[in-house]
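Beneath this line is the structure, given in structure tokens, with notes to follow.
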Amino acid sequence: MLIRERLAHKRPVFSFEFFPPKTEKGEAVLWRSLEQLAPLSPDFVSVTYGAGGSTRTRTLDIVARIKRELGIEPMAHLTCVGATRDDLARTLDQLGDREICNILALRGDPPKGEAAFVAAEGGLRHASELVAFIRERGPFCIGAACYPETHPEADDSATDLKWLKHKVDAGVDFLISQLFFDNAAFHDFSRRAVEAGITVPILAGVMPVTNFEQIQRFTQLCGATIPAALHQRLQGTEGDPQEVFWTGVSYAAHQCRALLTPPVGDPFATPRPAVPGIHFYTLNKSPATRAIFEILRLAHVAV
Ligand SMILES: NC(=O)C1=CN([C@@H]2O[C@H](COP(=O)(O)OP(=O)(O)OC[C@H]3O[C@@H](n4cnc5c(N)ncnc54)[C@H](O)[C@@H]3O)[C@@H](O)[C@H]2O)C=CC1
Ligand SMILES: Nc1nc(=O)c2c([nH]1)NC[C@@H]1CN(c3ccc(C(=O)N[C@@H](CCC(=O)O)C(=O)O)cc3)CN21
């Protein structure tokens, strides 16, 4: 199933993101989480593509096994990091051989310890180049990333949006947003994207906070803001993991409910449509995402 076709017939879509584990224990955790999340019938699940050579074939193996054994539609992430055009062409052949037809095309983060992204010799510089490269090589459905609060390397939000339009025009079928905690930032970005002529669906990227220190580190890196109200609540948990978990879950559930059911009937409110879908960054764990689905179902939000 091509994700763009699912988006044409069913909205909202729901998807879960996983990463290839580095240890055998991590491997067991991933498959247990996948089994526990499968009953929520996600429209697709995605697997990230690590910077290290070893996790690359793992992405391929994991997506193939998800398709074969769980019958869930997978999406493989693919990045330009450390890869020549020949490497990328080979990976695309391998994906084609395994009948994996959905790809998230990314430039990729600089390897750990390096500040800036440097294109590999004979490789690609921007995600837009990867999108065009994939388009030439097969009937893939292509997703790409976007940044409601602007990519940290971009000079300003207008420049970032200009390059996003350029990337979408290279052949992107849908976008997945960087994680965010402020729905207003996402709605504002979606509106600006439409005004810039971007018409593909933009899925909202949501990550339930389960560890305060970790999320502070990551949001600093990726440029997402933690709203004062959430920050205060998390500070109040004083490192109690159960309290952090329920704070993160309630916040994300509330965020999803608002994204899926925009208020109606207020003639003064800026109109904003319901999001076309939500992509959950699971970090290979299942309890938070399962709890959010339970809450949304109890609140009669269609998931
Ligand atoms: N592994 C994952 O699941 C995800 C990873 N990311 C990471 O976020 C980072 C960015 O990746 P992408 O968004 O795919 O990269 P991108 O190439 O679309 O954009 C990266 C930066 O370059 C600028 N840019 C884009 N095209 C340009 C052009 N033609 N000329 C000049 N500047 C241009 C953008 O404004 C942005 O600041 C990476 O570090 C990526 O790995 C983001 C989301 C998900
Ligand atoms: N720039 C960027 N790179 C990414 O790889 C990426 C994004 N953005 N945004 C969307 C998702 C979110 N991703 C994330 C988000 C958080 C952690 C994180 O906090 N990792 C923990 C370790 C997690 C674990 O092993 O349990 C850490 O402490 O860094 C990692 C990847 C991966 N994706």
Side-chain angles (χ1 to χ4, degrees), residues 15-23 25-27 29-30 33 45-52 55-56 59 75-83 103-112 114-119 123-134 142-172 175-181 189 193 196 198 202-224 226 248 279-288:
S15 51
F16 305 143
E17 178 170 313
F18 301 89
F19 62 84
K22 292 193 185 76
T23 61
K25 192 165 162 247
E27 188 85 15
V29 168
L30 166 69
S33 291
V45 301
S46 80
V47 180
T48 65
Y49 194 73
T55 83
R56 300 192 162 172
T59 302
M75 171 171 76
H77 295 213
L78 179 62
T79 78
C80 309
V81 179
I103 303 178
L104 189 69
L106 299 156
R107 184 200 68 183
D109 290 313
K112 265 209 174 75
E114 288 174 37
F117 175 88
V118 181
L124 306 175
R125 176 78 195 81
H126 302 290
S128 52
E129 294 176 358
L130 181 59
V131 171
F133 188 86
I134 299 171
I142 305 176
C146 64
Y147 301 85
E149 297 177 88
T150 308
H151 188 266
E153 290 167 36
D155 289 337
D156 52 59
S157 56
T159 314
D160 204 23
L161 196 57
K162 180 188 82 176
W163 290 124
L164 181 63
K165 169 81 166 89
H166 176 74
K167 175 161 76 176
V168 171
D169 288 347
V172 169
L175 293 166
I176 301 184
S177 89
Q178 178 59 288
L179 56 91
F180 62 92
F181 299 99
F189 167 75
I198 294 169
I202 305 175
L203 309 186
V206 168
M207 185 158 119
V209 179
T210 52
N211 179 324
F212 190 27
E213 290 74 32
Q214 177 188 314
I215 201 68
Q216 281 178 301
R217 244 195 337 267
F218 192 76
T219 49
Q220 279 230 314
L221 215 75
C222 75
I226 303 179
H279 183 73
F280 290 89
Y281 297 109
T282 72
L283 294 182
N284 291 5
K285 297 188 181 92
S286 71

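Counting starts at 1 for both ligands and their atoms, in listed order. Given the structure is predicted, the values throughout are model-derived calculations rather than measurements.
- Put simply, the side chain of Asp160 never gets that close to the backbone of Thr150: no donor and acceptor are under 3.5 Å apart.
- Note: Leu283 CG to Ile215 CD1 = 7.5 Å, rounded to the nearest 0.5 Å.
- The shortest contact between atom 18 (C) of ligand 2 and any protein heavy atom is with Gln214 NE2, 3.6 Å.
- Not a single heavy atom of Thr48 sits under 4.0 Å from any atom of ligand 2.
- Close contacts between ligand 1 and Ala145 involve ligand atoms 13 (O), 43 (C) [criterion: under 4.0 Å to a heavy atom].
- The nearest protein atom to atom 23 (C) of ligand 1, hydrogens excluded, is given as Trp163 CD1, 4.2 Å; this is a heavy-atom distance.
- Within the 4.0 Å heavy-atom criterion, both parts of Arg107, backbone and side chain, lie near ligand 1.
- Nearest protein heavy-atom contact of atom 24 (C) of ligand 2 is Phe19 CZ, 4.2 Å.
- The closest protein non-hydrogen atom to atom 14 (C) of ligand 2 is Phe218 CZ, 3.6 Å.
- Residue His166 has no nitrogen or oxygen atom sitting less than 3.5 Å from a nitrogen or oxygen atom of ligand 1, judged on distance alone.
- Note: an N/O pair closer than 3.5 Å links Gly108 and ligand 1 by distance alone.
- Asp109 OD2, 3.5 Å is the protein heavy atom nearest to atom 2 (C) of ligand 2.
- The shortest N or O to N or O distance between Glu153 and ligand 1 is not below 3.5 Å.
- Sparse packing is recorded around CD of Gln220, with 12 or fewer heavy atoms of other residues, nucleotides or ligands lying under 6.0 Å away.
- Within the structure, the closest approach of Thr79 to ligand 1 does not fall below 4.0 Å when heavy atoms are considered.
- Residue contacts with ligand 1, taken as heavy atom pairs separated by less than 4.0 Å, do not involve Arg125 at all.
- For Asp160, heavy-atom contacts with ligand 1 shorter than 4.0 Å involve the backbone as well as the side chain.
- Between Gln178 and ligand 2, an N or O atom pair is found at a separation short of 3.5 Å.
- For ligand 1, the polar-atom distance check finds an N/O of Ala127 within less than 3.5 Å of one of the ligand's N/O atoms.
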Apply side-chain hydrogen bond (donor to acceptor under 3.5 Å, both in side chains) to residues Thr48 and His77 and explain how you reach the verdict. CA-CA 5 Å; Thr48 65; His77 295 213; 5.4 Å; no

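- Of the heavy atoms in Tyr147, only side-chain atoms (C-beta onward) come closer than 4.0 Å to ligand 1.
- Distance check on atom 19 (O) of ligand 1: every protein heavy atom falls at or beyond the 4.0 Å cut-off.
- In terms of heavy-atom proximity, Ile142 sits nearest to Ala105 at CG2-CB, 3.9 Å.
- With hydrogens left out, the protein atom closest to atom 17 (C) of ligand 2 is Leu283 CD2, 3.7 Å, a heavy atom.
- The single protein non-hydrogen atom nearest to atom 28 (O) of ligand 2 is Arg217 NH2, 2.7 Å, given as residue, atom name and distance.
- For atom 2 (C) of ligand 1, the nearest non-hydrogen atom from the set Leu175, Asp156, Leu106 belongs to Leu106.
- For atom 11 (C) of ligand 2, the closest heavy atom belonging to the protein is Tyr281 CE2, 3.4 Å.
- Ligand 2 places these atoms under 4.0 Å from at least one heavy atom of Glu17: 11 (C), 32 (C), 33 (N).
- Regarding atom 26 (O) of ligand 2, its nearest protein heavy-atom neighbour is Lys285 NZ, 3.9 Å.
- Under 4.0 angstrom from ligand 1, there are no non-hydrogen atoms of Glu129.
- By the 4.0 Å heavy-atom criterion, Gln178 is excluded from the residues contacting ligand 1.
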